[in-house]
Every structure is written in structure tokens, then in C-alpha cells.
J.: 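Just dropping this structure here.
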Amino acid sequence: MFEYPVVAVDRQGNLTRCCSEQNLVMTDAIAEVALEMVFIPGGVFSMGTDRAQDDRPRDRYDNNEPPHEVRLGKSFWLGKYPVTKA
């Protein structure tokens, strides 16, 4: 298990909520490199930006509109950190 912060901010960037969550983590060695994986449970969440409530530049969120429901049918493991060729 590992603990991580979950925060929410308002449109001005002011912190409105802060709490801690926990999740499963697994370490797997591939070619002598330890990769940390985080468990992502299946389920439903909301994703997207409501333009009526967002006064930021239009081009920043064009691919993220409108708010919509995302359903993960299966749970999976995701790398905790980005992997680069370098």
C-alpha cells in the first residue's frame, strides 16, 4: 500500500479540499530495473471540462470537452512513473 494526496482547487487555483488516499502498489523487476505499478480499479468517473465554468484559453481544453462519464470495464496495473527511452 502507498499513500498519496488528493486535492481539489477552485477556478483561481485556491485549495478547496485535501485528503489522503491509499492504493495497492507492486514492484516488478524488468532487466534489473524496478518498476512500481499502481492498481487502477474498474469503475466509473467523470472526465472533461465545462466551458461555461472555465474562463481559461479555449485551445487548452479543446480535446477535453464536454464533461462525460468514463467507464473502466476491467481493473489494471499502471506504471507509477513515466518510462522513457533515455
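Just so you know, residue 1 is the first one in the sequence shown, and it goes up from there.
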J.: Quick one: are Y4 and N23 in side-chain contact, heavy atoms under 4.5 Å?
T.: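 Sidechains of N23 and Y4: in contact.
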J.: Is it the case that one hydrophobic cluster holds both W77 and Y81, taking links as side-chain heavy atoms less than 4.5 Å apart, direct or via other members?
T.: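 Different hydrophobic clusters.
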J.: Taking the side chain as every heavy atom from C-beta outward, state whether F45 and L72 have any atom pair closer than 4.5 Å.
T.: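 Yes, side chains in contact.
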J.: List the steps and the verdict of side-chain contact (heavy atoms from CB on, under 4.5 Å) for L78 and M37.
T.: CA-CA 5 Å; L78 179 68; M37 308 291 279; 6.0 Å; no
J.: Tell me if a side-chain donor or acceptor on S75 pairs with a main-chain N or O of G42 at a distance below 3.5 Å.
T.: yes
J.: Please list all pairs passing the salt bridge (Lys or Arg N to Asp or Glu O under 4.0 Å) test where one or both residues lie in residues 17-30, with sequence neighbours left out.
T.: none
J.: Between M26 and F39, is the side-chain contact (heavy atoms from CB on, under 4.5 Å) condition met? List the steps.
T.: CA-CA 8 Å; M26 161 180 74; F39 183 72; over 6 Å; no
J.: Ignoring hydrogens, what is the shortest heavy-atom contact between M1 and L24? Give both atom names and the distance.
T.: SD-CD2, 3.4 Å
J.: Under the 3.5 angstrom rule, does the side chain of T16 hit a backbone N or O of A8 as a donor-acceptor pair?
T.: yes
J.: With salt bridge (Lys or Arg N to Asp or Glu O under 4.0 Å) as the rule and sequence neighbours excluded, what pairs involving residues 33-42 come up?
T.: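 Output for this query lists E36-K80.
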J.: Considering only heavy atoms from C-beta outward, does the side chain of V7 approach that of L15 to under 4.5 Å?
T.: yes
J.: Is there a path of hydrophobic side-chain contacts, each under 4.5 Å between heavy atoms of I, L, V, M, F, W or Y residues, that connects V70 with F76?
T.: yes
